[in-house]
Amino acid sequence: MPPSFETERGALVRRNPWIMGLAVAPLALAFVGLIAGIAGFAPGLIVLPHLLILGTVFPLLAWRKNSRHREQPGKIVADERGVSHAGELIAPRERIRDAVVLPRFDGPPMVRIRQRGRIPVELRVGDHDEARALLRALGHDASQSVATFRLPSMAFSDAVKRRRNGFIWAVAAVGFGLFMATAGHNMPHLRPLMPVLMCLIAFASMIYVMVPTKLQVGADGLLIKWFRTTRFIGYGDIARIAEYEDGGRGKGQYRGIALALKSGEVLRLPVVAKRSSIRDSLQILHQRIAEAVQTWSRGEGVAHAALVRRGERDPLPWVRALRGIGAQANADNRTAPVLPERLWRIVEDPAAPADARAGAAVALSETADDESRARLRAAAAAIAAPKLRFAIEAAARNDTEEALAGALAEMDAEAAAEPKRFA
């Protein structure tokens, strides 16, 4: 169970009721317009769609921006029940989906807690250390869980702009060619299909630029998913992380995160539209990545990683050797036993090599009790690399030697594969 947390310097952040009231005013006017239209006043129905749109957009913007918010001071406690404010349970643990730190430049940080089936809760704490301690108590710190963010389509990233532009030009050329062919009476049998074809082309283009990117921030690295393309970037492969802003003007301009890799590649992930008045998404993502990198950089298991790495061994003999290490069957007068504490340092170190972390987990699984298996599952929950996470979960289940060997082989195959690029 994660440690408990409490602070006397906290406050529950509430929306300003006057601003929220003004934001939903168009909905009230839309209701009035509907009644007027039913009564025979035609202009009431004319303005109804506009008021409905404004009444939907304005409350969302007001909620996200949270201008002139009000704070209700009170003691904040996080324990096995969830989060309480001034003695009242405001976020039950079983409903908490995730929690992130909201960086603020004009005061103490806030923590946003998203819940299943309920509106998010925002809390103000004393400082950044308290914010991280609150997340750790909830089991959602960067060292404990993988945070998932939905970003705009990678079609707006520099990595695919050339391909996107080429796709658009190719579609335009095909459409123009078919139009000219049918207009010139060379292909009259295609005329009935032209509207359908053009609609399909427009729909495909829209899907291409609207499918969002899923970014998972783990303690070991970043997992980027877009369409059917998946790419994992370990923090050890990143030389620098910074924010960027597109130059020029236009609706396609974005602000986001630029990843300068040690290979020389620069991958830019769009996060929020440049013209958007809501900028907290970029700050939240940057803060979460910074916290995860900080966790990764202070790892303590790298020095012991050689004990359980695969080397030149095949997967099945490797699994058998690891289980022997866990049972201390390799200890003799010349070889000291490998203590479980050393194996745990390797498993829980995001900077340790993937094969060493998986190997240490397999070694621990030989003599693991229920508490140790829960600890292994917790370690897997903070990993973004899919195959490494699967291998440690298999160790937590204490799968058969053949199943563990298969999971380790898949992990090695994933590590040996060429990184997938979006360009």
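The figures that follow rest on heavy atoms only: side chains count, while hydrogens, waters and symmetry mates do not.
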Would you call Arg114-Asp98 a salt bridge at under 4.0 Å N-O? yes
Tell me if the CZ atom of Phe31 is crowded by more than 12 foreign heavy atoms within 6.0 Å. no
Shortest non-hydrogen separation from Pro59 to Leu54 and the atoms involved: CD-O, 3.8 Å
Between Arg313 and Arg310 (side chain of the first, backbone of the second, donor and acceptor by atom type, cut-off under 3.5 Å), is there such a pair? yes
Is any side-chain heavy atom of Arg309 closer than 4.5 Å to a side-chain heavy atom of Pro353? yes
Pairwise side-chain contact, Leu102 with Glu122, heavy-atom cut-off 4.5 Å (strictly under): yes
Pro315 to Ala409 - nearest heavy-atom pair and separation: CG-CB, 4.0 Å
Any ion pair linking Arg320 and Glu401 (charged N to carboxylate O, less than 4.0 Å)? yes
Under the criterion salt bridge (charged side-chain N to carboxylate O under 4.0 Å, His left out), which of Arg136, Arg9, Arg124 is the partner of Glu130? Arg9
What I'd like to find out is whether the side chain of Ile238 reaches to under 4.5 Å of the side chain of Lys262, using heavy atoms alone. no
Using a 3.5 Å distance criterion without hydrogens, assess whether the side chain of Asp399 forms a donor-acceptor pair with backbone atoms of Leu404. no
Side chain of Trp344, backbone of Leu364: donor and acceptor closer than 3.5 Å? no
Backbone of Ala403 reached by a side-chain donor or acceptor of Thr400 within 3.5 Å: yes
Is a side-chain donor or acceptor of Thr229 paired with a backbone partner of Lys225 at a separation under 3.5 angstrom? no
Ile233 side chain reached by Leu267 side chain, heavy atoms, under 4.5 Å: yes
Taking all non-hydrogen atoms of both residues into account, name the closest pair between Arg373 and Ala395 and its distance. NH1-O, 3.9 Å
Can you see which heavy atom on Gly218 is nearest to which on Tyr235, and at what distance? O-OH, 2.7 Å
Whether the Gln283 and Gln287 side chains hold a donor-acceptor pair (N or O, under 3.5 Å, no angle test) is what I'd like checked. no
For Leu316, is there any backbone N or O sitting under 3.5 Å from a side-chain donor or acceptor partner on Asp314? no
Tell me whether Arg97 contacts the main-chain N or O of Arg116 through its side chain, where contact means a donor paired with an acceptor under 3.5 Å. no
Can you tell me if Arg15 uses its side chain to pair, donor with acceptor, with the backbone of Trp63 under 3.5 Å? yes
Is Asp369 reaching over with its side chain to a backbone N or O of Ser372, donor-acceptor style, under 3.5 angstrom? yes
Under 4.5 Å between any side-chain heavy atoms of Leu269 and Ile224, yes or no? yes
Glu348 and Arg375 ion-paired at < 4.0 Å: yes
Between Val13 and Gln72, is there a side-chain heavy-atom distance shorter than 4.5 Å? no
Show your working on side chain to side chain contact (heavy atoms under 4.5 Å, CB included) between His69 and Asn16 and close with a plain yes or no. CA-CA 5 Å; His69 60 265; Asn16 190 307; over 6 Å; no
So, do Leu215 and Leu285 sit near enough that their side-chain heavy atoms are less than 4.5 Å apart? yes
Sort out for me which residue in Leu222, Val271, Thr213, Val217 forms a side chain to side chain contact (heavy atoms under 4.5 Å, CB included) with Phe149. Val217
Minimum heavy-atom separation for Arg93 to Ala137, with atom names? NH2-O, 2.9 Å
Salt-bridge test for Glu265 and Arg231: reply yes if a basic N is under 4.0 Å from a carboxylate O, no otherwise. yes
Any salt bridge between Arg377 and Glu393, counting N to O under 4.0 Å? no
Nearest 0.5 angstrom please: Ser84 OG to Ile76 CD1, how far? 10.0 Å
Inspect the contact between Arg132 and Asp141 and indicate whether a charged nitrogen and a carboxylate oxygen are less than 4.0 angstrom apart. yes
Which atom of Leu135 lies closest to which atom of Ala99, heavy atoms considered: CD2-O, 3.7 Å
Do Pro386 and Leu223 come within less than 4.5 Å of each other through their side chains, counting heavy atoms only? yes
Is the backbone of Val211 close enough, under 3.5 Å, to the side chain of Trp226 for a donor and an acceptor to pair up by distance? yes
